[in-house]
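Below: the structure, in structure tokens.
Throughout, a chain's letter reflects where its sequence line sits, starting with A, and its residues are numbered from 1.
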4 protein chains.
Amino acid sequence: MNKFGNLYSFTSFGESHGPTIGGVIDGIPAGQPIDLDRVQRELDRRRPGQSAITTGRNETDRLTVLSGMMDGLTTGTPIGFTVTNADQHSRDYAELRDIYRPSHADFTYQTKYGIRDHRGGGRSSARENISRVVAGAFARQILERLGITIYAYTSRVGDISLQDDYTLYDPALIDSNAVRCPDTEAAERMERLILDVKRDGDTIGGVVTGVIKGAPAGLGEPIYDKLHAMLGAAMLGINAAKGFDYGMGFDGVTRRGSEMIDTFIPGDVIPRTATNHSGGIQGGISNGADIYFRVAFKPVATLLRQVDTVDTAGRSATLSVRGRHDPCVLPRAVPVVEAMAACVMLDAILLDRSRRSF
Amino acid sequence: MNKFGNLYSFTSFGESHGPTIGGVIDGIPAGQPIDLDRVQRELDRRRPGQSAITTGRNETDRLTVLSGMMDGLTTGTPIGFTVTNADQHSRDYAELRDIYRPSHADFTYQTKYGIRDHRGGGRSSARENISRVVAGAFARQILERLGITIYAYTSRVGDISLQDDYTLYDPALIDSNAVRCPDTEAAERMERLILDVKRDGDTIGGVVTGVIKGAPAGLGEPIYDKLHAMLGAAMLGINAAKGFDYGMGFDGVTRRGSEMIDTFIPGDVIPRTATNHSGGIQGGISNGADIYFRVAFKPVATLLRQVDTVDTAGRSATLSVRGRHDPCVLPRAVPVVEAMAACVMLDAILLDRSRRSF
Amino acid sequence: MNKFGNLYSFTSFGESHGPTIGGVIDGIPAGQPIDLDRVQRELDRRRPGQSAITTGRNETDRLTVLSGMMDGLTTGTPIGFTVTNADQHSRDYAELRDIYRPSHADFTYQTKYGIRDHRGGGRSSARENISRVVAGAFARQILERLGITIYAYTSRVGDISLQDDYTLYDPALIDSNAVRCPDTEAAERMERLILDVKRDGDTIGGVVTGVIKGAPAGLGEPIYDKLHAMLGAAMLGINAAKGFDYGMGFDGVTRRGSEMIDTFIPGDVIPRTATNHSGGIQGGISNGADIYFRVAFKPVATLLRQVDTVDTAGRSATLSVRGRHDPCVLPRAVPVVEAMAACVMLDAILLDRSRRSF
Amino acid sequence: MNKFGNLYSFTSFGESHGPTIGGVIDGIPAGQPIDLDRVQRELDRRRPGQSAITTGRNETDRLTVLSGMMDGLTTGTPIGFTVTNADQHSRDYAELRDIYRPSHADFTYQTKYGIRDHRGGGRSSARENISRVVAGAFARQILERLGITIYAYTSRVGDISLQDDYTLYDPALIDSNAVRCPDTEAAERMERLILDVKRDGDTIGGVVTGVIKGAPAGLGEPIYDKLHAMLGAAMLGINAAKGFDYGMGFDGVTRRGSEMIDTFIPGDVIPRTATNHSGGIQGGISNGADIYFRVAFKPVATLLRQVDTVDTAGRSATLSVRGRHDPCVLPRAVPVVEAMAACVMLDAILLDRSRRSF
């Protein structure tokens with residue numbers, strides 16, 4: 001089930017050390033101008049080797065679009081695309097053929113499938129996220145023409161955290177630093193923390209905050225495909241994600257209802273609310289206010305130090321990872337969160353349109 | 001999209017003040033003995049009017065199974081079922097025809113559909129959860145024969161919280177109190193808090209913790225249908241849910257990777273781990289350890305006091321709710337969380353079996 | 001997989017001798033007036049016991065709608081519905097518990113599921129078609145407001161056949177006779193043939209022709225969900241259906257391309273064609289012309305005479321059917337063909353709308 | 001909706017004159033040895049330019065597999081694949097930018113999408129069938145290890161027709177001639193007819209017969225995904241297909257039930273039938289007998305002569321096709337029919353396995 005989405009969907013393929021990562025976008029509306037340079041720039045934001053706090057794997061991640069466009073416009077037929085893997089160091093992974101890395105997908109893939117591509121994590125590698133970023137970058141350009149904008153940022157690394165209120169931060173500053181944190185002072189501290197952690201051969205987790213502005217009221221499909229359930233499933237499917245909440249989320253559970261309801265402002269047939277504790281969604285359907293959410297990312301399990309583990313026969317083994325890895329996934333997770341949000345929103349719009357205008 | 005699940009699925013129908021809530025379970029394995037009395041007992045755990053801290057609506061919620069069984073066994077054909085709504089007080093809701101309750105689905109349904117059933121929240125009512133509980137109760141009995149057990153409990157109400165470690169608590173005590181909290185001392189405090197809040201005409205949120213024991217390694221479908229993404233989508237679709245995490249979740253983001261990896265215990269071809277920070281899932285696939293997760297529930301927005309709001313023309317209006325509501329959804333959310341977890345796990349098993357034994 | 005359709009879908013349940021046949025319609029557009037008396041009349045056209053040439057089972061097939069409507073309008077939420085089975089003579093079927101009827105689903109259900117409801121064919125009974133007729137009758141009323149009309153008729157019984165050209169026949173005459181054939185003279189001969197066959201304790205097959213008028217150009221989803229592939233799958237899923245073709249279909253294979261192309265008539269930006277050999281679909285997408293198709297139905301296998309067969313242990317057995325059966329399914333298949341066509345067309349419209357108006 | 005299949009599925013992309021045709025196979029069982037040379041040979045059977053009676057377009061159609069395999073085995077992860085388009089003569093199609101070819105998808109694509117790739121039919125070109133052949137060739141190798149074999153052959157071209165009984169013909173002779181007809185004498189006549197038709201600048205239709213041997217009893221999902229409905233949808237989705245029937249199909253409608261029932265042969269717990277009028281499927285589920293079916297193909301609409309038509313403004317226009325086209329699609333449709341049958345059968349097996357072995 002390597003397909004994501006309902007009406008706007010994509011199906012991805014590719015392993016970390018195979019020749020190519022790619023996919024097919026299906027259901028894209030026709031006649032849409034798509035700036036492929038902008039799609040490439042989204043890939044550049046995700047690509048490895050972009051700064052000192054990301055993996056040293058050196059990939060240019062150049063996108064090739066194989067179908068579905070003519071004269072710069074989508075034709076409504078599927079968008080096939082590929083990105084070549086160039087800088088595989090598969091020898092670095094030879095010893096992993098017979099070893100299970102702890103807290104990785106090695107053992108679970110082997111158990112599920114009876115076989116696995118051990119090189120660089122195979123299919124479980126975050127390189128698969130390339131397909132998400134491409135599909136999201138196409139969606140985002142369509143959403144923007146509909147007045148919907150999406151951004152995400154690193155709001156926490158370890159115990160360095162921004163304030164919960166996203167309106168305090170200027171999205172224009174997100175890409176001003178390697179951490180992708182709009183508070184440049186906090187970003188510096190985060191970056192130092194990541195470098196410290198890296199020096200220790202260790203890793204660190206954090207939180208990405210996502211914001212969707214301009215979504216019209218009415219998006220989301222009750223009962224089981226509530227807009228936040230679709231967003232949550234999308235985010236929880238990202239590598240290393242461990243949690244999702246929206247609006248006041250986990251922090252709202254200690255509050256009383258009277259503190260949390262978002263009172264309508266009288267005066268408009270399509271009323272706005274005075275506050276937005278709800279996170280822009282009521283009963284699973286957008287209400288026109290900003291949608292905001294958080295995604296928790298664990299510290300990744302690939303330590304750059306010696307680790308005790310077992311081999312595939314269950315015997316003790318020692319592992320010294322020589323591969324190149326991120327000490328903290330947050331900076332490169334930001335464009336993936338944005339991409340998945342874009343895919344969900346365009347899918348929700350298409351689902352909603354199917355019911356409209358009778 | 002009132003269908004949930006892939007291979008084990010159910011489709012539900014019904015409104016709060018319609019004649020009937022019901023649904024169809026599709027994809028149930030054939031030849032499975034199902035104890036319908038046990039299914040009814042799960043409904044009894046969810047039904048309104050069961051204690052002083054739940055809504056006063058009085059429903060017996062008697063299940064009728066209309067198809068798919070013979071001689072106490074499933075036949076593999078769909079299970080149609082209904083539960084009659086008996087105690088609707090639709091007059092209590094007459095004034096809601098032209099009023100939007102704040103932080104409810106009134107406005108969003110009206111905007112999406114151009115029409116809504118205003119009586120008791122219509123389709124957005126938690127009475128829809130009946131269908132989930134039925135589908136989950138069928139699934140649970142099949143899972144138990146496969147050695148998989150599921151339980152959930154109220155782990156937080158407002159600022160009264162259990163410890164995070166679910167192994168500290170005895171699931172046998174969950175139903176020993178109205179709050180469904182296995183720490184009876186904390187349960188008492190939670191119950192008092194809920195009664196206080198109710199007396200104030202207010203509401204309060206909390207957290208439900210869910211635990212799945214006995215799941216074999218190998219369940220979950222990469223990439224986008226990771227087991228925790230399926231669980232998350234299921235939980236986030238429950239009324240009033242605002243967040244989901246699993247394993248160390250949001251609390252794990254401050255840790256270092258070296259603290260969080262679950263080292264394998266040597267000695268077995270199917271190795272177990274010494275710790276379980278991961279929550280029983282690696283790369284989206286179960287690893288044989290316990291799966292545990294949390295669901296955040298907001299304080300519901302129906303206050304039993306006068307509230308300022310707007311009518312459907314956008315004019316100021318005052319709302320005095322006369323309906324019967326829960327001051328805290330947690331106690332009755334527990335069986336819904338268990339039910340949705342059961343549906344996801346059986347679905348994951350069926351998906352996994354489709355790929356096995358070649 | 002008891003669900004049919006994508007965006008306009010229904011899920012059905014129920015066995016021939018269970019208490020109830022029913023289902024859930026999902027994805028129905030909101031705000032649509034539905035005349036439930038008309039829905040009932042479609043059920044009346046399908047119900048048993050309506051004439052001397054159909055089964056003697058006496059069912060009134062009264063529809064109960066349980067959800068999804070308010071004040072005569074759809075609300076966009078799912079339509080739950082039931083029809084009670086009243087006239088089961090399950091004793092007539094007791095001997096079938098251990099016998100496989102030849103050319104029935106007894107053996108295949110038993111093999112697939114390891115269990116089967118032997119009473120009246122269980123789930124494989126044509127009573128399941130009730131759900132299709134209900135879902136189709138809802139769809140049809142919405143389609144009519146969009147200018148799309150659908151009719152079907154018996155065009156062949158045994159070797160009595162109408163001409164292929166549907167335009168020769170007046171659809172107003174279809175229900176003027178028990179066979180549902182718009183050529184009243186041929187209808188008489190067909191009726192006599194069916195009565196002769198019945199007297200012999202035998203059965204006879206035939207062909208239903210379906211016509212869809214007023215469909216706009218643009219419906220149908222390439223590549224695999226071509227409009228005619230969706231129609232074909234729908235028709236082939238009807239009990240006793242053995243074949244489907246559209247346009248010139250099987251008869252067109254002997255022609256040359258130069259005889260078969262439908263030349264455009266100049267003068268309009270949305271051009272019409274001078275002929276319609278194609279059956280209103282090009283490349284899987286409707287072109288605005290009439291869509292016409294044929295469905296072949298076999299003579300059903302339930303003979304009212306003694307038949308040699310085997311029991312579930314593989315031993316010789318003799319079967320004397322005492323149940324009540326149709327000597328020819330065609331008259332009662334006509335409303336089912338119409339219903340399935342209506343479901344497909346509304347689904348195709350919703351799919352198409354999801355891509356429009358950007 | 002460029003995805004075909006449920007559990008064994010593929011999603012395709014690519015246009016006739018784009019750089020690449022390709023796709024992604026999802027859900028393939030892991031650990032399966034796949035001989036890629038055999039996959040290539042299936043592509044060779046479909047490729048253009050293989051004989052005097054097919055299009056002169058010269059493509060080598062070399063397959064590149066990009067993921068999902070290691071050491072010759074499937075890993076259970078998706079199979080991404082591409083085939084490069086080499087011999088596009090896009091200039092031949094320049095005039096088609098503003099002209100609608102009669103009985104082609106030009107007008108319908110333009111109306112649906114508001115834009116179309118006019119070069120070589122764009123997405124509606126039969127080159128898309130490459131993806132089907134690849135997905136089918138993978139499936140076929142897995143099916144063969146399960147004892148299931150599939151073959152198809154040209155059974156009719158124009159008015160030259162084989163007998164209906166497929167058991168009269170030796171499948172080993174199918175590829176002994178360019179028409180892919182196992183009756184070599186009839187094949188010669190068919191070939192002469194096709195060459196005659198080609199000389200006239202005309203085209204001709206025909207019928208492909210498909211046979212599936214060795215399928216176990218129990219495959220197919222009632223009610224709406226009956227095995228023959230899945231096969232029918234698959235076949236009707238192939239370019240130029242106009243009809244599908246199975247078993248006695250359209251010819252059976254004139255028979256009486258007593259002539260058509262397939263009596264069981266006593267003596268076995270899993271009984272076989274003495275005849276096979278049913279075509280190996282009862283109630284939508286395979287019964288262990290051979291499955292056989294027919295697919296009707298129209299004479300394609302691309303005539304190699306001058307044709308009157310309209311331009312996109314609705315004005316009269318004249319069309320002189322200079323592209324290279326098949327005078328008869330049958331020879332190259334045979335491997336596509338086989339491929340789609342293989343995809344359906346593997347999908348049905350995976351669906352069935354998901355319900356088994358509890």
Side-chain angles (χ1 to χ4, degrees), chain A residues 1-3 5-7 9-32 64-85 97 109-110 112-119 122-125 127-128 131, chain D residues 1-3 5-7 9-32 64-85 97 109-110 112-119 122-125 127-128 131:
Chain A
M1 307 218 296
N2 293 276
K3 171 173 175 278
N6 299 283
L7 292 180
S9 73
F10 64 95
T11 302
S12 75
F13 67 83
E15 283 88 30
S16 179
H17 287 229
T20 307
I21 300 287
V24 187
I25 301 171
D26 200 2
I28 196 163
Q32 303 292 310
T64 305
V65 170
L66 298 167
S67 63
M69 295 195 65
M70 199 171 62
D71 304 335
L73 299 177
T74 60
T75 61
T77 64
I79 309 283
F81 62 87
T82 52
V83 165
T84 300
N85 287 328
R97 181 182 282 271
Y109 268 69
Q110 184 72 38
K112 185 174 189 71
Y113 297 111
I115 185 175
R116 84 196 137 96
D117 184 342
H118 63 282
R119 297 162 299 176
R123 180 73 179 148
S124 72
S125 161
R127 277 194 75 67
E128 183 278 332
S131 302
Chain D
M1 308 219 298
N2 292 276
K3 172 172 175 278
N6 298 283
L7 292 179
S9 73
F10 65 95
T11 302
S12 74
F13 67 84
E15 283 87 31
S16 178
H17 287 232
T20 307
I21 299 287
V24 187
I25 301 171
D26 200 1
I28 195 162
Q32 304 293 311
T64 304
V65 171
L66 298 167
S67 63
M69 297 196 64
M70 200 172 61
D71 305 335
L73 300 176
T74 60
T75 60
T77 63
I79 310 283
F81 63 86
T82 51
V83 166
T84 300
N85 287 327
R97 180 182 283 270
Y109 268 69
Q110 184 73 41
K112 184 174 190 70
Y113 297 110
I115 185 175
R116 83 196 138 95
D117 185 342
H118 62 282
R119 297 162 299 175
R123 180 73 179 148
S124 73
S125 161
R127 277 195 75 65
E128 184 277 333
S131 301

- request: Starting at OG1 of D:Thr77, measure out to CZ of A:Phe13 and round the result to the nearest 0.5 Å.
  value: 11.0 Å

task: Report the distance from atom OG1 of D:Thr75 to atom NE2 of A:His118, rounding to the nearest 0.5 Å.
output: 12.5 Å

- prompt: Below 4.5 Å, heavy atoms only, C-beta onward: do A:Ile115 and D:Leu73 meet side chain to side chain?
  reply: yes

- request: Identify which of D:Thr82, D:Leu66, D:Thr64 forms the greatest number of heavy-atom pairs closer than 4.5 Å to chain A.
  value: D:Leu66

- prompt: If you count heavy-atom pairs under 4.5 Å between each of D:Gly122, D:Gly76, D:Gly114 and chain A, which one has the most?
  reply: D:Gly76

task: Could you list the residues that satisfy side-chain contact (heavy atoms from CB on, under 4.5 Å) with A:Asn2, not counting sequence neighbours?
output: A:Arg123, B:Ile223, D:Asp26, D:Pro78

Measure [X] against the heavy atoms of chain A and call it side chain, backbone, both or neither at under 4.5 Å.
X       : answer
D:Ser9  : neither
D:Lys3  : both
D:Ser12 : backbone

Can you name the nearest heavy-atom pair linking [X] to [Y], along with the distance?
X       : Y        : answer
A:Met70 : D:Arg116 : CE-O, 2.8 Å
A:Ala30 : D:Tyr113 : CB-O, 3.4 Å
D:Glu15 : A:Gly68  : OE1-N, 3.1 Å

statement: Residue from A:Asp71, A:Val24, A:Leu7, A:Ile79 scoring the most non-hydrogen pairs under 4.5 Å with chain D is A:Val24

